[in-house]
Trainee: 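Can you keep this structure in mind? I'll have questions shortly.
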Amino acid sequence: MYGGSFMAKVRKAVVFLCIGFILTILLVAPVAATPGLINYQGKILENGAPLTTVAPISMTFKIFIEETDTGGSPIWVESQNVEVVDGIYAVKLGAATPLDSSLFEDPGRNYWLEVTVGTEPLLPRQRLTSVAFALQAENAATLDGYTATALDQSAHAASTDNPHQVTAAQVGAATLDDLTWGNLQNIPAEIADGDQVGITEETDPTVPEALKDGVSWTELSDIPAGFADGEDNDSGDITGVIAGTGLSGGGSSGDVRLDLGLPLNLSGATVSPAAIIMGSNTGTGYGVYGYSSSSNGIYGYSLDSTGVDGINGNTGNEGRLGTPDYGVYGKSTGGYAGYFDGILKAAGELSVDGNATFFGNLGIGTESPEASLHIANSAIENIAGKHTLYLTETNNSESPVSGLDPAQPYYGIGFRRSWNNTNFSNIKNIAGIYAYGAQGYRGGLVFKTENAVDSEENPDVVAMVIRPDGNVGIGTTTPGSALEINGSITFTAGVPTVTSAGQVWMDRNLGALRVATKIADPDAYGSLYQWGRKGDGHEYRTSPVTTSRSDYPENDYFISLSDYPYDWRITPDDTLWASESSFNNPCPAGFRLPTEAEWQTEVDSWGTHRDAAGAFASPLRLVAAGWRGCYDGTAPVVKVSIYGKYWSSGVSSSQGRILLFTNNEAGTTSAVRALGCSVRCIKD
């Protein structure tokens, strides 16, 4: 996206060559669909001369109805990559976001067009006007002077002199398809009410008044014998309902009610595999399902067998609660004998005979584990069994030689991995800690590493030993003093710096792993910060994205926005990076963000190579790390190895000032504060 000093050189001069509404097409082709496009042309000057560029320019077009040059919310927005030839460009507005006719439904309002080149709006806005023949479209709203209200039939149905009155003769006779019940007229009242009462007259004096005009019992034919006698005592009639086990109520006449007693207590003797309650589900639901908001969903009790027993008919998997030997017993033929999705708490002893798999954090001595394995021990008595982590080894073999036992394969703590990250059938030891295993030397510790970068076991490397006598050896297994180091020692203190153009800088970008070895060096790209924001994790190039802005973010999300001025804060603040003591200064102690003038001094030192090549040739070894967009919910990292954008502490209006360099140029410019750009710190 273009902006800042790069586009500051572009003087905002736009010549409107052609703006026309498509509504004029209705005059020549009333039945054709009106294209939602407006031809628009303009001209961009650079220092008074037509702009010349090879790459298309990102331009944004917005339509407003406010009669001002700034502010307000647009009613239509679209962006296009526009080719500019000798300063002239031509676009079809609506090509990316169609122009709906409803946008211009209020002819009494003024409509204004705003053009933004890169991030810089070209002001003042231009008012949209009609072409000459488009004025004829006003007549389409009144149909030669008649409004929709005037043409409504209810407005002149009773008029005899209105030439637009529609009569039955003009309509003509209705077709058979129109002869619905609602279109019929002069229907007799007895039929119009929708029932058969009144159509015929009932003459049978035995028919009750309530059934007049209805059908009497004697008028029915083929009545079954059980009903024809008129008595409700024929053979097979129900004479009574008796409540069974667990039920109460019953009766022999009228409405009969059976009540289920709660709690339901069922008792009796059964023979295995029968049960007092058995649920069999041949579908995909439950055999037995229990739910309670405050007590037991399912409760089972047995004197000498299993309280609750569940068997899966397809797999034979079993789950039992309250067996004579176990509180919970699980058996699986292929999956998990027990699966816990949540916290598993063992208040007593937990014994695992075989492999155990846990998903989530496992706590030992704590109910709130904060890591994959969290071991806590609040008891600190110096007695056996009070260790936080205690490892034992049953191998008692000893080497007859003094020193380390090179054949000792046992670790107190070991770390393993697959040598190629994919072949998990070939796991290699890569590091471990174990006790001295040689005769007479028990009690020390050995820290060993192994080179497992290929398929073969490579020789072990003993990184450090702590002998039973207290001597520590680094690079040697036989230290003769309290600390013996076999090899060179390098001390690194403070922040690595480099001097360029008389100024002291950090020698790499914030977040970079090293000083750049080439202009496209991923290990030297570093992090991408939003202007004025401290290092809270949002700067990582793959951090998650949110669209919720905040003055004090409480997470590590990169904030992406969709509205100008694209500031990640709710309340803009120009002082966030003003000095080394600023609240949000992300640099190490004694360092800060450079000013725009300090960046300009650096660029001036590059001589004629004011571009990406000059940036990398500088002692700073600046790299084209790209930047992170902020205009949609994805916030992608773009232009890597092509553009370098580095923040300064300075601001310009609602934007921040940056150093920008490409393969063709370098200089300072402006960028919206929600962009993610590189940071190089300078010594305060």
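Because only heavy atoms are used, hydrogens play no part in the values below, and waters and symmetry mates are left out as well, while side chains stay in.
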Trainee: For residues 667-678, pull every pair meeting salt bridge (charged side-chain N to carboxylate O under 4.0 Å, His left out), keeping only residues two or more places apart or in separate chains.
Mentor: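 Output for this query lists Asp574-Arg673.
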Trainee: Trp599 and Trp606: aromatic ring centres closer than 6.0 Å?
Mentor: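 Centroid separation for Trp599 and Trp606: 6.0 Å or greater.
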Trainee: Is the centre of the Tyr529 ring less than 6.0 Å from the centre of the Trp647 ring?
Mentor: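 Between Trp647 and Tyr529, which both carry aromatic rings, the centre distance is not below 6.0 Å.
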Trainee: Please find the pair of heavy atoms, one from Glu114 and one from Phe64, that lie closest to each other, and give the distance.
Mentor: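 Closest approach of Glu114 to Phe64: CB-CE1, 3.8 Å.
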Trainee: Are Phe616 and Asp611 close enough, and set up right, to give a side chain to side chain contact (heavy atoms under 4.5 Å, CB included), and what steps lead you there?
Mentor: CA-CA 9 Å; Phe616 180 70; Asp611 51 22; over 6 Å; no
Trainee: Check salt bridge (charged side-chain N to carboxylate O under 4.0 Å, His left out) between Asp684 and all other residues, then give those that pass, not counting sequence neighbours.
Mentor: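 Scan of Asp684 (salt bridge (charged side-chain N to carboxylate O under 4.0 Å, His left out), adjacent residues dropped) gives Arg592.
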Trainee: If we ignore angles and hydrogens, is there a donor and acceptor under 3.5 Å between the side chains of Arg549 and Thr571?
Mentor: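 No - no donor-acceptor pair under 3.5 Å links their side chains.
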Trainee: Can you tell if the side chain of Leu659 reaches within under 4.5 Å of the side chain of Glu596, non-hydrogen atoms only?
Mentor: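 No. Closest side-chain heavy atoms not under 4.5 Å.
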Trainee: Could you label the plane-to-plane angle of the Trp627 and Tyr643 rings as parallel, tilted or perpendicular, counting under 30° as parallel and over 60° as perpendicular?
Mentor: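 It falls in the perpendicular class, over 60°.
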Trainee: Kindly give the heavy-atom pair with the smallest separation between Ile559 and Pro553, and that separation in Å.
Mentor: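 Distance-wise, the nearest heavy atoms are CD1-CG, 4.2 Å.
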Trainee: Name every donor-acceptor pair, under 3.5 Å, that has one atom in a side chain of residues 80-87 and the other anywhere in the protein, sequence neighbours excluded.
Mentor:
{"residue": "Gln80", "atom": "NE2", "partner": "Glu78", "partner atom": "OE2", "Å": "2.7"}
{"residue": "Gln80", "atom": "NE2", "partner": "Lys92", "partner atom": "O", "Å": "3.2"}

Trainee: With a sphere of 6.0 Å drawn around OH of Tyr552, does it hold more than 12 non-hydrogen atoms of other residues, nucleotides or ligands?
Mentor: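 At most 12 heavy atoms, drawn from other residues, nucleotides or ligands, come within 6.0 Å of this atom.
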Trainee: Looking at residues at least two apart in the chain, or sitting in another chain, which of them share a salt bridge (charged side-chain N to carboxylate O under 4.0 Å, His left out) with Glu580?
Mentor: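 Per chain and number, Glu580 pairs via salt bridge (charged side-chain N to carboxylate O under 4.0 Å, His left out) with no residue.
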Trainee: Where is the tightest heavy-atom contact between Ser548 and Thr546, given as atom of each residue plus distance?
Mentor: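 Of all heavy-atom pairs spanning Ser548 and Thr546, the closest is N-OG1, 3.2 Å.
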Trainee: Would you please name every residue forming a salt bridge (charged side-chain N to carboxylate O under 4.0 Å, His left out) with Asp573, sequence neighbours left out?
Mentor: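 Salt bridge (charged side-chain N to carboxylate O under 4.0 Å, His left out) check on Asp573 returns nothing, list empty.
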Trainee: Determine the minimum heavy-atom distance between Leu622 and Ile519, stating which atoms define it.
Mentor: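 The answer is O-CG1, 4.4 Å.
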Trainee: If you compare all heavy atoms of Asp556 against all heavy atoms of Pro544, which two are closest, and at what distance to 0.1 Å?
Mentor: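 Here Asp556 and Pro544 meet closest at OD1-CG, 4.1 Å.
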Trainee: Please identify each residue that fulfils salt bridge (charged side-chain N to carboxylate O under 4.0 Å, His left out) with Asp536, with sequence neighbours left out.
Mentor: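 By the salt bridge (charged side-chain N to carboxylate O under 4.0 Å, His left out) rule, Asp536 matches Arg533.
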Trainee: How about Tyr566 and Tyr631: are their ring centroids closer than 6.0 Å?
Mentor: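 So the answer is yes for these two rings.
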Trainee: Any non-hydrogen side-chain atom of Pro586 less than 4.5 Å from a side-chain atom of Trp577?
Mentor: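 Yes - at least one pair of side-chain heavy atoms lies under 4.5 Å apart.
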Trainee: Grab the two heavy atoms, one from Phe661 and one from Ala612, that are nearest each other, plus how far apart they are.
Mentor: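 Between these two residues, the closest heavy atoms are CD1-CA, 3.6 Å.
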Trainee: Donor-acceptor pair, Arg541 side chain versus Gly526 backbone, under 3.5 Å?
Mentor: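 Here the side-chain-to-backbone pair exists.
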Trainee: So, taking the atom named OG in Ser649 and the one named CD in Glu598, what distance separates them when rounded to the nearest 0.5 Å?
Mentor: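 It comes to 7.0 Å.
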Trainee: To the nearest 0.5 Å, what is the distance between NZ on Lys62 and OG1 on Thr97?
Mentor: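 Atom-to-atom, Lys62:NZ and Thr97:OG1 are 12.0 Å apart.
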Trainee: Measure the CD1-CD1 distance between Ile75 and Ile65 for me, rounded to the nearest 0.5 Å.
Mentor: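 With rounding to 0.5 Å, CD1 (Ile75) is 6.0 Å from CD1 (Ile65).
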Trainee: From Arg109 CZ over to Leu128 CG, what is the distance, rounded to the nearest 0.5 angstrom?
Mentor: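 Atom-to-atom, Arg109:CZ and Leu128:CG are 13.5 Å apart.
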Trainee: Measure the spacing between NE2 of His609 and OG of Ser618 and express it to the nearest 0.5 Å.
Mentor: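 Rounded to the nearest 0.5 Å, the NE2-OG separation comes to 13.0 Å.
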Trainee: Scan side-chain atoms only and decide if Thr662 and Asn664 contain a donor-acceptor pair under the 3.5 Å cut-off.
Mentor: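 No, Asn664 and Thr662 have no side-chain donor paired with an acceptor closer than 3.5 Å.
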Trainee: Taking Arg680 for its side chain and Leu620 for its backbone only, find out whether a donor-acceptor pair lies under 3.5 Å.
Mentor: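 Between the backbone of Leu620 and the side chain of Arg680 there is a qualifying donor-acceptor contact (under 3.5 Å).
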Trainee: Spell out, as yes or no, whether a donor-acceptor pair under 3.5 Å connects the side chain of Asp521 to the backbone of Thr517.
Mentor: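 Yes; at least one donor-acceptor contact below 3.5 Å.
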Trainee: For Gly297, is there any backbone N or O sitting under 3.5 Å from a side-chain donor or acceptor partner on Ser292?
Mentor: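 Looks like no, no N/O pair under 3.5 Å.
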